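Encoded as C-alpha cells, the structure appears first; notes follow it.
Since this is a predicted model, take the numbers as computed values, not measurements.
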Amino acid sequence: DSTDAFAQAMAKLLTRNTSRTFGGWNLSSGTAGCGDMGGASLNLGGGDFIISAPIVNPCHVCNVRVHGGTLRAGLGFPADKYLIETAVGCPQNNGPGTPEFLGFSELLLDCRGVAAGGLHLPNNLGTNVGPRIFVTGFSQHGISVEVGHEVMIHETWINPEMMSGRQHGGLDPKHYFNGTSGSNDSSGIRLWGADHYLTNVIVFSTAAKSGSELVGVEVAGGGNLLTGVHTWQGSIGIYVCWGEEWPRTAAAGQAHNRIVDSYLDMNRLVACDPTELTIMDSYFLAGGHINLRATPYLHEIKGLSIHGS
C-alpha cells in the first residue's frame, strides 16, 4: 500500500513556492489566496500503486500536475471518496483560494468497485484533464465536476465495468453497483456548473441513476460545450437536467448548452425544460433518440435548436 508514500510526496510538493501566489494574496502570511507551486508535478513514473486514502490537492494550492501511471483503490478505501480529491477545505465557490491551473494526464484510475470515483473537481478553475485518462470500477462518478469554471476534459475513457470482469483481486464492479450508496446518483461524468468543455470523450455503459436509468454524461448548468462525445449503452447517454440535487435559482442558469458532433450509441439524449439548447451534427444509433422532459420548475421549451442530426 502506497498511501503513506503519496502523502509524504504531496506534503513535499506543497512546500514549493508558497510565498508566490496568484491574485495578489499572500499564502505564506495566512491570507486566503492560491499558492503558485510553479508546475510542481507528482510523476508516477509509469508505476502501478494501491492506495487506501485519496491523494489530496487542498484549497489554496494552484499550478500542480499529476501524471504518468496507475492508481488503484485498496479494498479499505472509503466508499464515498475519489482516488484524487481537489479543492479540499475550500469554503466557497470560485472564491479566494479556489484551485487554478491543475493538470491531470496519462493516468489509469482503477476504483476497483470500492472508491466512489476517480477524480473529484469541485470549485476548480481552468483545470485540464487529459489526454489519456482512463477511469474504471467506480460506484458514483468516474469524474465529478461541481461548480467551478472552464474545466476541460479531453481524450478520456470512462467505463465503470471492467470489460474482462473482476481484476487484480478487487470487487466485481458489475455486481457491486447494485448495492452501493452511489447507485441512485451515478454517471460516467458529472458536469455540474458553467462553461465547462468535454471533448473527444468515450463513456461506456454506466452506473444507475433514478432507479434503473443508466447515465453516461450528466450536465447541470449553462454554457457547457460537449463535442465528440461517444456514449455506449446505458439508457441515457447525455442527461441535460437539473435534478433535485442541483439548486435551481434561475432558469437562465441552465441555458446555452451545446452538444456537437457526438454519438449516442444505443441510448438517448434527455433534456429537461430545454432553454437555448443546441444539438448539432450528432448521430443516434439503434433506437437512440432525443427525449424532451417537462419538470415542475418550468415545463416549457425555449430556443431549442436541433439540426444536422
Side-chain angles (χ1 to χ4, degrees), residues 93 117 121-122 140-149 151 153 158 182-198 201 203 205-285 287-309:
N93 298 336
L121 304 171
Q140 292 186 18
H141 310 282
I143 299 174
S144 182
V145 179
E146 299 157 26
V147 196
H149 259 283
V151 171
I153 302 173
I158 306 288
S183 62
N184 289 322
D185 180 23
S186 299
S187 55
I189 296 176
R190 178 164 68 175
L191 206 63
W192 281 8
D195 304 344
H196 301 305
Y197 281 68
L198 197 60
V201 169
V203 182
S205 177
T206 49
K209 182 177 176 64
S210 301
S212 61
E213 291 185 333
L214 307 177
V215 180
V217 179
E218 180 181 2
V219 180
N224 298 294
L225 174 62
L226 282 63
T227 179
V229 175
H230 176 198
T231 57
W232 179 75
Q233 289 199 345
S235 59
I236 299 177
I238 300 174
Y239 184 76
V240 188
C241 293
W242 283 88
E244 294 299 327
E245 313 93 334
W246 183 260
R248 189 186 180 94
T249 56
Q254 178 71 359
H256 308 295
N257 290 302
R258 294 153 292 159
I259 300 166
V260 181
D261 287 332
S262 293
Y263 176 19
L264 286 87
D265 191 351
M266 296 186 286
N267 50 51
R268 66 190 189 277
L269 188 159
V270 174
C272 301
D273 295 334
T275 303
E276 304 296 337
L277 172 65
T278 297
I279 302 168
M280 183 173 69
D281 296 336
S282 294
Y283 179 47
F284 297 81
L285 178 69
H289 61 279
I290 299 170
N291 178 204
L292 305 179
R293 293 184 181 179
T295 73
Y297 305 110
L298 280 180
H299 49 268
E300 71 177 15
I301 296 172
K302 182 179 180 180
L304 174 64
S305 175
I306 303 172
H307 57 95
S309 298

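- Taking CE from Met266 and CD from Gln233, the interatomic distance works out to 4.5 Å, rounded to the nearest 0.5 Å.
- Taking NZ of Lys302 as the start and CG of Asp273 as the end, the distance is 12.0 Å to the nearest 0.5 Å.
- Distance CZ/Arg268 to CD1/Ile236: 4.5 Å, rounded to 0.5 Å.
- Note that CG of Leu191 is 6.0 Å distant from CG of Leu198, once rounded to the nearest 0.5 Å.
- By the side-chain contact (heavy atoms from CB on, under 4.5 Å) test, Asp195 pairs with His149, Glu150, sequence neighbours left out.
- In this structure Leu292 satisfies the side-chain contact (heavy atoms from CB on, under 4.5 Å) test together with Ala271, Pro274, Ile290, Ile301, Leu304, sequence neighbours excluded.
- Tyr197 pairs by the ring-ring contact (aromatic ring centres under 6.0 Å, His included) definition with nothing, not counting sequence neighbours.
- Once rounded to the nearest 0.5 Å, the distance linking CG of Asp281 with OG1 of Thr227 reads 9.5 Å.
- Annotation for Asn257 and Leu277: closest pair O-CD1, 3.3 Å, computed over non-hydrogen atoms.
- In this structure, CD1 on Ile189 lies 5.0 Å from CD1 on Ile143, to the nearest 0.5 angstrom.
- For Ser262, the side-chain contact (heavy atoms from CB on, under 4.5 Å) criterion is met by Val229, Ile259, Ser282, not counting sequence neighbours.
- Minimum interatomic distance between Gly223 and Arg258 (heavy atoms only, all atoms of both residues): O-NH2, 3.5 Å.
- Paired with Asn267 under the rule side chain to side chain contact (heavy atoms under 4.5 Å, CB included), one option of Leu269, Leu264, Val270 passes, and it is Leu264.
- The heavy-atom pair separating His196 from Val147 by the smallest distance is NE2-O, 2.9 Å.
- The side-chain contact (heavy atoms from CB on, under 4.5 Å) test applied to Tyr263 returns His230, Asp265, Tyr283, Leu285, not counting sequence neighbours.
- Asn291 is linked by a side chain to side chain donor-acceptor pair (under 3.5 Å) to Arg293, counting only residues two or more places apart in sequence or in another chain.
- Qualifying side chain to side chain donor-acceptor pair (under 3.5 Å) partners for Ser144, counting only residues two or more places apart in sequence or in other chains: Glu146, Arg190.
- What you find for Cys241 and Ala220 is that their closest heavy atoms are O-CB, 3.5 Å.
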